[in-house]
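Written out below as structure tokens is the structure these notes cover.
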Amino acid sequence: MAKTTYLMAIGEAMREEMERDPSVFILGEDVANNLYGSTSNFVEDFGKERVRNTPISEGAIAGAATGAAMAGMRPIADFNIAPFMYVAMDQIVSMTAKSTYIYGGQTKVPVVMRAVMLYGNGNAAQHSDRPYPTFMTVPGLKIIAPSSAYDVKGMLKSAIRDDDPVLCFEDGNCWFTAEDLPDEEYLVPLGVADVKREGTDVTVVGIAGAVPQALAAAELLAEEGVSVEVVDPRTLAPMDTDTILASVEKTGRLVVADPAHEVCSAASQIAAVVAEHGFWHLQAPIVRVTTPQIHIPFAPPLEAPLFPSSERIAAAVRSVLE
Amino acid sequence: MAKTTYLMAIGEAMREEMERDPSVFILGEDVANNLYGSTSNFVEDFGKERVRNTPISEGAIAGAATGAAMAGMRPIADFNIAPFMYVAMDQIVSMTAKSTYIYGGQTKVPVVMRAVMLYGNGNAAQHSDRPYPTFMTVPGLKIIAPSSAYDVKGMLKSAIRDDDPVLCFEDGNCWFTAEDLPDEEYLVPLGVADVKREGTDVTVVGIAGAVPQALAAAELLAEEGVSVEVVDPRTLAPMDTDTILASVEKTGRLVVADPAHEVCSAASQIAAVVAEHGFWHLQAPIVRVTTPQIHIPFAPPLEAPLFPSSERIAAAVRSVLE
Amino acid sequence: MALSPEVLAEMYRRMLRIRLFEESAQALKTEGVIPGSIHLSIGQEAEIVGACMAVERRDYMLGNHRSHGHPIGKGAALAPLMAELLGRRTGVNQGKGGSMHLADFSVGSLGESSIVGSGIPVAAGAALAAQLRGEDRVCLCFFGDGASNEGMFHEGLNLAAIWHLPVIYLCENNGYGATTSAREVVAVTDIADRAAGYGIPGEIVDGQDVVAVHEVVTRAVERARRGEGPTLVEAKTYRYDNHAFGLHIENYRTTEEREQWLRRDPIPLLRDRLVADGVLSDDAAKTVEDEARAEVAAAVDFARTSPFPEPAEAFDHLFTVPLPARTAG
Amino acid sequence: MALSPEVLAEMYRRMLRIRLFEESAQALKTEGVIPGSIHLSIGQEAEIVGACMAVERRDYMLGNHRSHGHPIGKGAALAPLMAELLGRRTGVNQGKGGSMHLADFSVGSLGESSIVGSGIPVAAGAALAAQLRGEDRVCLCFFGDGASNEGMFHEGLNLAAIWHLPVIYLCENNGYGATTSAREVVAVTDIADRAAGYGIPGEIVDGQDVVAVHEVVTRAVERARRGEGPTLVEAKTYRYDNHAFGLHIENYRTTEEREQWLRRDPIPLLRDRLVADGVLSDDAAKTVEDEARAEVAAAVDFARTSPFPEPAEAFDHLFTVPLPARTAG
Ligand SMILES: Cc1ncc(C[n+]2csc(CCOP(=O)(O)OP(=O)(O)O)c2C)c(N)n1
Ligand SMILES: Cc1ncc(C[n+]2csc(CCOP(=O)(O)OP(=O)(O)O)c2C)c(N)n1
Ligand SMILES: [Mg+2]
Ligand SMILES: [Mg+2]
């Protein structure tokens with residue numbers, strides 16, 4: 001057992017799968033130079049053929065990964081920072097997500113598209129997006145947003161083995177959280193939510209970097225005698241809403257914490273599902289703790305208050321207990 | 001007074017604004033050739049300078065429109081069919097939507113981006129998208145989805161005069177619905193919902209082409225003694241949720257009909273807002289009538305049942321009255 | 001290297017199949033039994049067949065919205081293609097795709113995408129897969145003059161060039177996008193000139209001459225198989241019909257222009273040549289024609305009598321491996 | 001046409017301002033008072049100033065993530081730029097944009113976008129606005145070698161070419177993207193060759209020589225003003241520092257290469273030339289240097305002592321005309 005950071009866990013997942021399966025390879029801008037530290041020694045160990053620097057051509061990265069996947073490979077396309085995926089939007093939506101369906105199952109598209117979400121660090125509006133809701137609107141994509149080192153390793157490995165396209169949104173604010181990971185190989189299945197903390201009074205669903213904030217809020221609230229259950233869907237599409245509904249059935253109260261912008265967020269989707277299928281269990285309004293519907297400003301005093309924090313989550317929990 | 005179709009109303013709005021303001025011009029693929037019938041005689045009347053055929057370069061269309069808007073013009077960018085906007089996604093998100101904010105108000109971006117949503121007609125998965133929820137996740141865009149000839153004319157005129165980027169999603173299933181439009185000029189303000197039919201038992205919020213379906217459902221249900229209030233937000237971002245909340249306060253029940261895919265839909269967003277801010281007025285679950293989270297298949301027997309119909313809406317209304 | 005009589009006859013057969021398939025599609029669309037829109041390739045059969053027959057069955061191919069003919073060119077069975085046009089369960093895509101996505105993976109198709117230009121980087125990826133596995137496989141990617149203005153053209157060709165990928169990019173320059181002349185929107189006269197931006201060969205070929213196309217594409221295929229990378233081939237051609245069925249805007253082309261191109265209709269052009277060169281007797285040509293006609297008629301019969309899929313089938317094939325079923329969301 | 005001593009001195013002044021501004025930014029970043037990431041243009045001052053001084057204040061300009069220098073080149077005041085780097089309310093973008101978006105619209109900037117290549121079509125649009133209004137205004141658009149691989153490069157240049165838009169596309173080829181060599185990912189040796197795909201002139205210029213850049217860009221500007229359309233100019237240059245502050249990956253470049261380029265540092269290069277040619281005396285040069293140093297120091301002071309914006313200001317400027325306020329959504 002060794003302390004492994006979230007960032008290291010990403011590298012371990014890719015390394016193990018590349019060792020296991022020669023059809024796995026990586027392509028993306030600057031991947032051979034280990035820009036963010038998740039591909040240390042990959043070129044040395046796997047060669048430049050399998051760790052491929054691409055031009056700054058996000059559409060071609062997505063398209064080439066999709067074509068290679070259709071032709072039997074298992075590419076991992078590294079998009080660097082999440083908003084760069086917009087540049088490849090059409091390829092991802094029209095080709096990656098739709099090909100299996102359009103061709104009536106004649107092809108599969110086993111590609112993983114990874115990107116980090118950097119927010120809260122003065123990167124301004126073009127570099128700070130958390131765009132998973134944008135992609136959740138698109139059928140045909142499996143979307144994951146792990147919140148811990150354990151999950152990111154196990155889920156990324158599952159994603160690489162999965163026969164469908166998986167978008168993996170990694171949270172930069174989790175990069176340096178560390179935990180002991182098993183020495184033996186393990187997988188975390190896609191499509192299964194995780195109850196990160198059990199509780200009885202209020203359900204807090206957290207997304208990505210909001211999960212540690214929700215757990216911190218739960219600690220705070222425990223001191224106030226409030227028992228919070230924290231649920232992490234982990235896979236955002238298709239989402240394991242059963243686990244969320246079961247939790248709400250138990251607690252009767254729901255807060256959803258989501259670093260995305262409010263409108264059409266994962267939080268809104270979860271709230272809608274519960275308001276439809278869990279309504280009779282609800283004893284209070286469903287409160288969403290999200291980022292307001294404005295761009296991310298550069299200056300730290302403007303940016304800092306915008307994202308879900310343990311304080312904001314705790315306040316929301318208190319509000320549904322009134 | 002003359003019967004005007006929705007499609008004709010689009011053309012009238014553009015024509016009137018181009019006559020009024022020389023800074024308004026149109027660019028897009030095949031616009032000079034009046035592909036869909038909304039620019040009849042535009043080249044003759046305004047010249048090819050102001051009715052500009054572009055290459056098949058959606059990113060350049062969006063970017064050039066944005067640049068021209070920043071430099072003081074009022075471009076109308078015609079994207080043809082809505083999914084083609086994905087090709088221009090980064091330009092729309094990173095440049096069109098963000099420039100005013102990033103530059104601290106040093107520039108405005110008065111551009112209109114129009115596209116028709118064609119669905120229900122065997123156009124298959126790449127041509128049948130209703131992607132307004134995808135764009136609703138992005139702050140900085142005003143988004144409209146008119147459901148009647150009156151609204152589309154009045155709102156498109158307002159959009160062209162607006163100093164911010166407006167995406168106009170036109171519903172192909174409304175193209176040939178006709179109504180008498182006023183002879184005198186009129187505007188319909190952005191950001192104001194419209195109660196299309198008053199009622200007391202259930203609120204049905206309809207989006208775009210689901211509005212006529214909701215009105216038809218209301219007719220059906222009236223015969224069963226159920227009084228349905230139909231609300232059309234018209235502007236999807238920023239949305240006039242006050243009008244929706246006021247209606248739910250009155251009726252206590254909410255059905256949302258939205259032709260978009262279920263996940264992170266406009267319907268989900270509206271349900272989330274009401275579950276948060278209108279919870280205490282709700283007497284029943286909020287039911288969403290949407291398109292299931294699958295791609296749009298080609299074969300008519302597969303495609304036809306997928307979209308919200310008056311029957312599906314009526315069934316949902318009955319379910320919340322149980 | 002002269003082509004054998006068998007190959008030349010096969011070219012004629014496949015071109016005819018395409019022409020007759022398209023004419024039937026047109027008739028069926030008029031009749032109202034084909035949903036959605038259709039884009040016919042009548043007039044472009046030579047470049048399709050010339051290119052497709054320059055590759056092997058194992059080689060990959062990508063088409064676009066105007067690609068009924070391309071799987072046929074590569075040897076696909078007609079019946080499942082026709083059934084797909086009619087949205088039947090026996091369709092090659094089981095009714096999920098329709099006219100703009102006719103793709104028979106069994107003959108090496110990797111899809112036909114109706115988003116202009118979108119196949120170009122995907123083709124690079126398929127070629128990359130072949131290269132990574134050390135397979136002797138190339139990828140033939142069709143797209144139009146209009147598509148050469150999409151960003152994906154640029155990104156795809158650059159990627160293919162730097163990695164020496166075995167791709168043949170075949171630009172079907174029929175002079176027009178939907179209703180917009182290439183002269184108006186493509187900044188160069190010859191799209192082949194764009195190859196200079198990627199340091200790869202750019203070849204221009206008479207797209208009405210199946211043998212010429214075959215020759216140029218064969219050269220590009222050989223280059224690709226030698227590991228020397230992609231080629232951009234521009235076939236000058238023409239579509240005789242509207243951009244899409246029922247789109248009656250024709251103010252952008254002159255009748256003279258159309259007539260001029262009709263005089264070089266690739267089908268009589270090839271027939272006359274084969275007969276003149278003694279490759280096919282008049283009778284043998286007639287036999288090929290009768291056979292093709294019968295094949296297409298059988299395909300139409302098959303399609304008409306095939307069942308539609310059941311509504312529940314709409315939910316199949318979203319994923320290859322669906323995640324555990326949940327209540328909602 | 002020889003440049004006047006005044007113009008040459010002003011070139012020197014602006015290049016120095018940029019160099020010193022960048023050095024201060026580097027120091028302030030080290031100190032921890034600049035949030036986010038910064039990308040310095042040290043080494044590239046000649047191409048920036050040479051190009052910017054070839055256009056007028058009324059002309060438009062677009063920059064990118066590495067564009068602290070470009071507004072300075074075009075004559076912007078330093079203090080609001082520096083205050084923006086520090087996220088202050090007095091910043092040119094009121095603290096909303098920061099390093100990757102330093103844009104002073106009062107000197108003709110239309111923004112600096114940190115999405116690689118994204119300014120290229122926007123520049124075409126600004127030029128289109130000028131053309132439509134019959135104004136004598138061109139647009140100067142900066143981007144890197146890496147950006148020349150983006151689809152937006154292709155679409156933007158084609159659009160500008162077909163419409164004869166008055167744009168100067170200035171590719172700052174510093175040999176690298178973030179850590180990837182242009183040799184590895186750009187399929188051509190000279191990016192100027194890509195002009196052939198758009199039927200426009202492609203010019204190569206020594207980016208370390210401010211006068212040479214000025215001359216080539218001036219020619220392109222004249223062409224644009226005559227209504228003859230865009231030019232692609234490739235300035236060969238080098239960034240002396242890391243791609244971004246604190247990014248210590250340098251395995252992709254050799255020290256020899258860097259040293260070679262350092263020998264052609266554009267600032268001493270120009271100074272020596274001006275002194276040798278008698279344009280500036282040693283004393284006069286010294287005065288320019290002292291003045292620039294004082295200006296930058298004053299800008300740093302201004303920035304440091306400026307207040308941060310209030311949190312509520314985050315909600316300003318989302319729209320120019322906000323819609324009526326609502327409860328939610
Ligand atoms: C991204 C995108 N933009 C626009 C369209 C609409 N459209 C379909 S075909 C076509 C013209 C394509 O021209 P070209 O590439 O020359 O192919 P051709 O139809 O001539 O074979 C257009 C504009 C589309 N399908 N996809
Ligand atoms: C669309 C996009 N992809 C990737 C990045 C990350 N990135 C920022 S700068 C850069 C390198 C840009 O290289 P070049 O265009 O040559 O400009 P330079 O930095 O050399 O000035 C990269 C990859 C980005 N900002 N935007
Ligand atoms: Mg064409
Ligand atoms: Mg560079």
Side-chain angles (χ1 to χ4, degrees), chain B residues 22-23 25 27 49-50 52 54-55 57-73 75 90-91 94-95 98-110 139-140 142 162-164 189-192 235 237-245 269-270 272-273 276-277, chain D residues 60 62 84 91-98 100-101 103-106 109-115 117-133 137 139 150-152 154-160 162-163 165 316-329:
Chain B
S23 65
F25 71 99
L27 74 172
E49 287 283 290
R50 291 181 69 195
R52 307 180 77 89
T54 64
S57 306
E58 286 76 12
I61 295 170
T66 301
M70 290 171 74
M73 300 296 288
D90 179 65
Q91 286 289 314
S94 298
M95 306 304 274
K98 290 179 178 170
S99 288
T100 296
Y101 192 82
I102 283 180
Y103 304 122
Q106 289 183 85
T107 188
K108 55 185 186 176
V109 186
K142 293 173 178 173
D162 199 274
D163 276 343
D164 295 306
L190 306 187
V192 180
T235 298
M239 197 188 287
D240 172 8
T241 48
D242 280 5
T243 298
I244 296 169
L245 288 164
Q269 175 60 19
I270 291 164
V273 168
E276 183 160 349
H277 301 284
Chain D
Y60 297 124
L62 282 97
E84 185 63 27
V92 68
N93 304 359
Q94 300 187 32
K96 289 276 168 59
M100 295 195 283
H101 304 291
D104 184 344
F105 282 61
S106 74
S109 168
L110 283 176
E112 309 205 322
S113 167
S114 63
I115 299 296
S118 60
I120 296 175
V122 175
L128 172 60
Q131 188 192 64
L132 280 169
R133 283 193 298 251
R137 248 183 181 160
C139 183
E150 287 280 15
M152 288 307 98
H154 182 65
E155 295 191 10
L157 266 72
N158 184 60
L159 196 78
I162 60 166
W163 290 348
L165 299 177
D316 298 340
H317 303 306
L318 179 65
F319 292 119
T320 301
V321 183
L323 296 180
R326 301 289 162 181
T327 312

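Per chain, numbering begins at 1; letters A, B, ... match sequence-line order.
- Chain D forms more heavy-atom pairs under 4.5 Å with one residue of B/Gly104, B/Gly140, B/Ala69 than with any other, namely B/Gly104.
- Most heavy-atom pairs under 4.5 Å with chain B: of the set D/Arg137, D/Glu112, D/Gln131, this distinction falls to D/Glu112.
- Pairing each heavy atom of D/Ile120 with each of D/Met152, the nearest pair is CG2-O, 3.6 Å.
- Contact of the D/His317 side chain with the B/Tyr103 side chain is not registered, since no non-hydrogen atoms from C-beta on lie closer than 4.5 Å.
- Residues D/Pro324 and B/Asp240 are not in side-chain contact: their nearest non-hydrogen atoms beyond the backbone lie 4.5 Å or more apart.
- Considering every non-hydrogen atom in both B/Asp162 and B/Leu190, the closest pair reads OD2-CD1, 3.7 Å.
- In this structure, the portion of B/Ser94 lying under 4.5 Å from any heavy atom of chain D is its side chain and not its backbone.
- Contact detail for B/Met95 and D/Val122: the closest heavy-atom pair is CE-CG2, 3.8 Å.
- Among the candidates D/Pro322, D/Gly111, D/Gly156, the residue making the largest number of heavy-atom pairs closer than 4.5 Å to chain B is D/Gly111.
- Highest contact tally toward chain B, considering only D/Ala124, D/Ser118, D/Gly95, is held by D/Ser118 [criterion: heavy-atom pairs under 4.5 Å].
- No side-chain heavy atom of D/Lys96 sits less than 4.5 Å from a side-chain heavy atom of D/His101.
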Can I get a per-line list of side-chain donor-acceptor pairs under 3.5 Å for residues 60-67 of chain B, giving both atom names and the distance, sequence neighbours left out?
unit_1, atom_1, unit_2, atom_2, d
B/Thr66, OG1, B/Ala62, O, 2.7
B/Thr66, OG1, B/Thr96, OG1, 2.8

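- Counting all heavy atoms, side chain and backbone alike, B/Met73 lies closest to B/Pro22 at CE-O, 4.3 Å.
- Among B/Gln91, B/Lys108, B/Lys98, the residue with the largest count of heavy-atom pairs under 4.5 Å with chain D is B/Gln91.
- For chain D, the nearby part of B/Asp90 is the side chain; its heavy atoms alone come within less than 4.5 Å.
- For chain B, the nearby part of D/Leu128 is the side chain; its heavy atoms alone come within less than 4.5 Å.
- Looking at B/Met70, the atoms closer than 4.5 Å to chain D (heavy atoms on both sides) sit in the backbone and in the side chain alike.
- In this structure, chain B has a heavy atom under 4.5 Å from the side chain of D/Ile115, while its backbone stays farther away.
- Neither the backbone nor the side chain of D/Leu165 comes within less than 4.5 Å of any heavy atom of chain B.
- Among residues two or more places apart in sequence or in another chain, the ring pair (Phe, Tyr, Trp, His ring centres under 6.0 Å) test is passed with D/Phe319 by none.
- Looking only at heavy-atom pairs under 4.5 Å with chain B, the residue among D/Leu132, D/Leu159, D/Asp316, D/Asn158 that has the most is D/Leu132.
- Neither the backbone nor the side chain of B/Glu276 comes within less than 4.5 Å of any heavy atom of chain D.
- With a 4.5 angstrom heavy-atom cutoff, B/Thr235 touches chain D only via side-chain atoms.
- With chain B as partner, the option from D/Gly119, D/Ala103, D/Gly97 having the largest number of non-hydrogen pairs under 4.5 angstrom is D/Ala103.
- Taking both residues in full, the closest heavy atoms of D/Phe105 and B/Thr107 are given as CE2-CB, 3.3 Å, listed atom of the first, atom of the second, then distance.
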